[in-house]
Structure formats: C-alpha cells, structure tokens
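Along the sequence shown, residues carry numbers from 1. These numbers come from the heavy atoms of this one structure, side chains and all, not from hydrogens, waters or symmetry mates.
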Amino acid sequence: APEMPTDLIADITPRQLTAPDPDVQRIKSYDGNATAKVTVAQRPDGVVAPDQIDLRGIASYDNKEVGDNKAITVKYELTGDPTVIKNYIAPVDYLTIGKITKSTNDTVKAGSISYQKEKTYDGTTDIIMIDSIGELSKKNQSDSVWVVARARYADPDAETGKTIIVEYRLEGRDMNNYEVPETEYITGEGVIRPKQLSILSAPKAKDKVFDGTTVAELDGTVTLNGVIEPDYVDVSAAARFDTAIVGNRQVVFTFSLTGDAKDNYIAPVWPGKVNARITKRQLHASAPALTTRKMYDGNTNAEVSVSADMFTNLCADYEDVILEVISSKYDDATVGTNKRITVAYRIKGDHAGNYSAPTDYCITYGEIYVNDVLTVEPGSVNFQNKKTYDGSDTIHVNNPGSLIGGCGDVTLVTTARYGDVNVGEEKMIIIEYSLEGPGKDYYATPEPETLYTGVITKTLSPGFVRPLMIADIAGTTPLVY
C-alpha cells in the first residue's frame, strides 16, 4: 500500500454558528442609553457533539436619542469552555428596526418651581414667577434638560379661590427625548385683589341752603386715576356734611364705581378735608293777623299778632323757632287811605340760627281815619256868663278848657256868645270849639254846647248911681262850665 506522507499540514477553521431570530423589544421609552432588551436561544445552532456552548445576545440602538426606524443590532457572544468556544464563530449580528419614544410620565420635581399666588389686579392673567426653572423627576443624570414653567390665572378678574394654570416647556440639549410635563390646574389657591383707584384732583362740594339734612352735592366732576385700558369703569360720588347745622362745614365724600369692570377695582377714598358752607334758610310765613284800619292816634303803630303755625317751610327736626314782631307800622301817622303798613319780624329759639327771619310783610290798603272821640273835660271851660249890655253877643272866655282823648298834638280853642245881643236873663249861651296844632285835621271837633244861664243887664244912665247890690256882686262871678 502506498506509504502515507507524514509531512502534510491542514487548517481546521472555526465553525460558523447560527441562531434563531432573537426576540427583540423594538419599542422603548427613552432612558438615556442605547440598550435594547433581547432574548436569544440558549444554544446556537451548528455545535458539534459533544461540545456544549451557550449563547448570549446584546442588543443596542444606533444611539440613545428618541426616534422612529432606528437600527437595532443584536450582537452574539458564546459562553462556555474557552477551549471549545475557540472552535466556533458566534452567529452573525442580527439587524432589525426599532423605536425610542419620549420619556413619559415625567413630572416636575417638587419644590423646584415657585410663584406668587396673589397679586393686585392688572388686567392680565400673568403670575410673577419666583423660580421658573425646574427639574424633571425622572431625568437621566447625564442628560442636559430642564423645565421652564409659566404660571397664569384662569382669568384676569379680581377674586379669591382662583384656579392657577401652570404650563411647562423643556429646554436643553436632550429636551427632545422627554415629554413635556402635563399642564397643572391648581384650584382654589389663587387670589387677585381689586386694584385701589384714586382721583386726579380734590373734589369740591357746593354750598347749600340749610335743609335739615347732611346731604351735600358734588361741585363738578371727578376723574378716576388707575383704570387699566380697555376697562370701562365710571365713578359717582355721594357727599355728606359732618353736620346739618349752618356754618362752614366739612364734607365727606363716598365714591362708588359702575361699569363692566367695576368689581376689579376699589373705589377711591379722598383723605383730605373738603369744606362747604351751609347758609341760612329764608323762612316764609303766612299772613299775620293785621289790623289794617285804625283811628288816628298820632303814631304809626299798627296792631298785629303772629302765631307759631305761620311758618311754611321749617325743616323737620329743626322746628324750635319762634316768630316775633319787631315792628308793625304805617308809613306815616297821618289820616288817609291806601296807606302802606310794614310788619318786620325776628326769630328766636334753639334752631333759629339756621334760619333768616321772614321778609317784611307789607300791604298798601291800610287806613287811618279821623279821631272822633275828643271830648271837653266837664268843668274845665271857664267864661263870664253875665255882662252889661254893650250891643254885642260876645262872652269873655277865661279858660278854654281841657280835652279828653287825643295824642297831645292839638289844643282846644273855645269861644262863647249869647244867642242875641239883647238885655235879658236866662239867655242862651252858645259855646263853640275849634282845634289848633299839627294834628288838628285828624280829629273831629267837639260839638257846640248850648246853655241858658246868660244875663245881659241894662246899661245905667249917665249920672245915675244905683246902690251896690249883693246880687250884682254875685252876678259878676265867672261861670265855670
């Protein structure tokens, strides 16, 4: 037989193994690395008995970033006795397509975001952020990503217990690998306080006539300061005096708001002092009880009476006012008709300081008529009732007499005469009166008087001397009437 060569050399190459397709998790949520979960067959195909080799697979994405249609490579490793493993080649890499989705259910790390929950109304929903940069609760330590927060109110109106809305966005190199945290709705914690308004200039109050109340009236208009456009807000003012009493008084203003946006504001307050005057109220009175006709008495006084119920415009609660007459006079004291009578008033009482007395009451139909009550005082006229015939009827008056009545502005003038010039006894004596003085035209002259006590004796013949008789002496005694 041919001799076998002894110097031949041959190579034994490692055996290429195969493996069934692995079970690869082709979708995962971003976790900051490129690894993928994979399950491979325990043993590869093609191992020569009695060799024992185990198979291990490592799967990885082409990179860790979020994305679709990403390449996944499964690399195999052989495990077991190294002297056996060296005779084999691990199965070739398994290639497939996968997907890395954004990291989900991420929340903002507690305490990393802070903001002011209260503010004064400014017409916006903005909230002032104290710390607007926060952290994700599940962030991969090596990733560069952070949360930027913006907080706002659900609406801009002033009220308490408002809902606060916190919205987030992500920034940083790795931000695209994370889902943005969900918007938060925090109920019942927000407060927008109404904004305090002011007015541009000091208000003014009108002076008024006393009316028994403290009600005052704004003089002009007030202009609001601080309303945010385009809000519509208007202002009205109620004014009150600090007291209803007449004088220079302080006025307190109370402002109120109207308009669609009024609830977002606080009405202005004016802290300064505003003064206005309450002036006296002119009282009116009904006609007094006036005597419009009188007998001449030498003065201008007219009789009048007043009562408490004559006032027509007293104010409630301020009715302690008494009406008094200062004067009630004719324009002059002379006799006449259509004379002017003027009644002047004054007032007193606890509340009189709030009023002016009624204006003078005047009429033009007054009358002063002639005084017809003058009489001659009995026994005051003195005259001679006996004389010797002298051819005349004159009688000498010793005293004209005195008047009863009158005002002292007239004097009595008295004349006496016989009814005829003839001698006789019990002759008629006629006494006649007249008046003199500034008031003579304002009195009725006393009526003439007639007596039958006169005596006119005969004239004695020349040279005849009659004895003096007592009767003659008596006859010469003046007669007092």
Mutual orientation of the aromatic rings belonging to Tyr318 and Phe210 [parallel < 30°, tilted 30-60°, perpendicular > 60°]: perpendicular

Side-chain H-bond candidate by donor/acceptor type, Asn422 with Tyr389, under 3.5 Å: no

Atom CD of Glu447 with >12 non-hydrogen neighbours under 6.0 angstrom: no

Check: Asn177/Lys139 side-chain N/O donor and acceptor closer than 3.5 Å: no

Asn264 and Lys195: side chain donor to acceptor below 3.5 Å: no

Aromatic ring proximity Tyr178/Tyr30, centre distance under 6.0 Å: yes

Residues Lys64 and Asp31 bridged, charged N to O under 4.0 Å: no

Lys99 and Asp68 ion-paired at < 4.0 Å: yes

Glu303/Lys294 salt bridge by N-O under 4.0 Å criterion: no

Donor-acceptor under 3.5 Å (Tyr330 side chain, Glu367 main chain): yes

Ion pair Asp143/Lys138, N-O distance below 4.0 Å: no

Polar side chain donor-acceptor pair, Asn399 to Asn382, under 3.5 angstrom: no

Note: Glu217-Lys208 ion pair, threshold 4.0 Å (strictly below): no

